[in-house]
Amino acid sequence: MGRVLTPSSSPLSAAKRMEEQKLEKDLEEVKELLKKATRKRTHDVLMAEKYKLEMEIKNQPPPKLKEDTTEEEKPPAGGYTVKINSYGWDQSDKFVKIYITLNGVQQLPAENVQVHFTERSFDLLVKNLNGKNYSMTFNNLLKPISVEGSSRKIKTDMILVLCRKKREEKWDCLTQVEKESKEKEKASYDTSDPGEGLMNLLKKMYAEGDDEMKRTINKAWVESREKQGKGDMPLDI
């Protein structure tokens, strides 16, 4: 029976693709700021970061390949657990609603679809759906929810998780981590003011850089201060 090698579509490979895209965006940002940099030390710091990003992109591992056979795959006898990564959500005044699509879920006994709520999280576990288990976990929800008022509903090919809000206020996203990530990304890539964009990038490089990178940035700042003899500290370090 013939075999075909295809790129794996696992959540891990998807995460690697997202990481590579983030590195490419960082590299584009550094290249743009290099064009605007006028001081030699700033230019050198950016060049070092550019080289570092290029090496990280170059050293990204290729996607793993899996073997597909023309024979129909059979699920393991004991079943295995698949992490759910795809969902949709919206909200009303009283509830945050998470929609999870799972074909045939309405055919399961109700006890096979379990949701455990806490004030700032929930865990979904679907047991023995077509020989597999499915799970989803949301930790650190953006705002507190009522454990007693939260529930789940099983619909045709869909599970609806209803998180009862403790306070009737709008949620901008589902988790605190997602909110912080969006705020950091917005600050890092806001280059409407070229000087502010450069400063944000240098702060990010200092916060995330190794000891050598921090020494380089510190040296650039000290030399800049010595030449100018005045001015505010360019980096909050």
Side-chain angles (χ1 to χ4, degrees), residues 8-23 25-26 75-190 192 200 203-204 207-208:
S8 171
S9 57
S10 67
L12 182 60
S13 62
K16 288 182 179 179
R17 287 196 297 273
M18 290 179 64
E19 177 63 22
E20 186 171 348
Q21 290 172 358
K22 181 178 180 298
L23 290 171
K25 286 182 179 180
D26 287 347
Y80 57 92
T81 300
V82 178
K83 184 177 180 181
I84 300 171
N85 294 303
S86 179
Y87 63 91
W89 77 284
D90 65 10
Q91 60 185 307
S92 63
D93 290 339
K94 296 182 178 181
F95 289 94
V96 172
K97 308 172 185 179
I98 297 93
Y99 303 87
I100 301 104
T101 300
L102 284 175
N103 292 333
V105 69
Q106 73 278 5
Q107 299 172 5
L108 291 176
E111 59 267 22
N112 281 31
V113 181
Q114 304 172 358
V115 184
H116 173 69
F117 296 96
T118 72
E119 190 176 68
R120 296 294 293 269
S121 71
F122 73 83
D123 295 287
L124 167 68
L125 177 61
V126 180
K127 296 181 178 180
N128 197 25
L129 176 59
N130 300 322
K132 302 176 184 177
N133 301 323
Y134 293 83
S135 70
M136 169 181 274
T137 300
F138 270 94
N139 292 315
N140 200 13
L141 292 171
L142 183 65
K143 300 177 186 294
I145 63 174
S146 167
V147 175
E148 297 78 12
S150 299
S151 61
R152 61 102 175 99
K153 293 183 179 180
I154 303 173
K155 299 177 176 292
T156 302
D157 298 331
M158 180 181 292
I159 299 170
L160 172 59
V161 178
L162 296 162
C163 297
R164 178 65 184 258
K165 298 177 179 178
K166 276 203 168 181
R167 297 179 61 183
E168 295 183 8
E169 53 188 354
K170 183 180 178 181
W171 290 28
D172 296 324
C173 49
L174 280 178
T175 67
Q176 187 66 31
V177 173
E178 184 181 352
K179 178 184 177 182
E180 292 172 359
S181 177
K182 287 182 178 180
E183 289 174 348
K184 288 181 180 179
E185 184 173 354
K186 181 179 179 181
S188 297
Y189 294 104
D190 182 8
S192 53
N200 286 336
K203 288 180 179 179
K204 178 174 180 289
E208 299 177 356

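Numbering starts at 1 and runs along the sequence shown.
Using a distance-only test at 3.5 Å, with no hydrogens or angles considered, no donor-acceptor pair links the side chain of Asn140 to the main chain of Thr175. Of the possible polar contacts, one joining the Asn133 side chain to the Asn128 backbone as a donor-acceptor pair under 3.5 Å is found.
Expressed to the nearest 0.5 Å, how far OH of Tyr99 lies from NZ of Lys155 amounts to 8.0 Å. The distance from the CD1 atom of Ile84 to the OG1 atom of Thr137 is 9.5 Å, given to the nearest 0.5 Å. For the atom pair OG of Ser92 and NZ of Lys94, the computed distance is 8.5 Å after rounding to the nearest 0.5 Å. For the atom pair Ser121 OG and Asn139 CG, the distance stands at 5.5 Å (nearest 0.5 Å). Within the model, atoms CG of Leu125 and CE of Met136 stand 12.5 Å from one another, a figure rounded to the nearest 0.5 Å. Rounding to the nearest 0.5 Å gives a distance of 8.0 Å between CG of Leu160 and CD1 of Ile100.
Within the 4.5 Å cutoff, the side chain of Val105 has no heavy atoms near those of the Tyr134 side chain. Trp89 has its side chain out of reach of Phe138: every pair of non-hydrogen atoms, C-beta onward, lies at least 4.5 Å apart. Annotation: side chain of Lys143 is not in contact with side chain of Lys166 (no heavy-atom distance under 4.5 Å). Side-chain atoms of Leu102 and Ile159, non-hydrogen and from C-beta on, do get closer than 4.5 Å to each other.
When every heavy atom of Leu142 is checked against every heavy atom of Gln176, the shortest pair comes out as CD1-OE1, 3.6 Å. Minimum heavy-atom separation, Ser135 to Thr81: OG-CG2, 3.7 Å. Nearest heavy-atom pair, Ile154 versus Ala110, reported as atom, atom and distance to 0.1 Å: CD1-CA, 4.3 Å. Between Phe95 and Gly149, the shortest heavy-atom distance links the atoms CE2-O, 3.6 Å. Taking both residues in full, the closest heavy atoms of Ser150 and Ile145 are given as OG-CD1, 3.9 Å, listed atom of the first, atom of the second, then distance. Smallest separation of non-hydrogen atoms from Gln106 and Asp157: OE1-N, 2.8 Å.
Between Gln91 and the choices Lys170, Lys97, Lys165, Glu169, the side-chain hydrogen bond (donor to acceptor under 3.5 Å, both in side chains) rule is met once, by Lys165. Shown are Leu124, Val161, Leu174, Thr101; of these, the side-chain contact (heavy atoms from CB on, under 4.5 Å) with Tyr87 is made only by Leu174.
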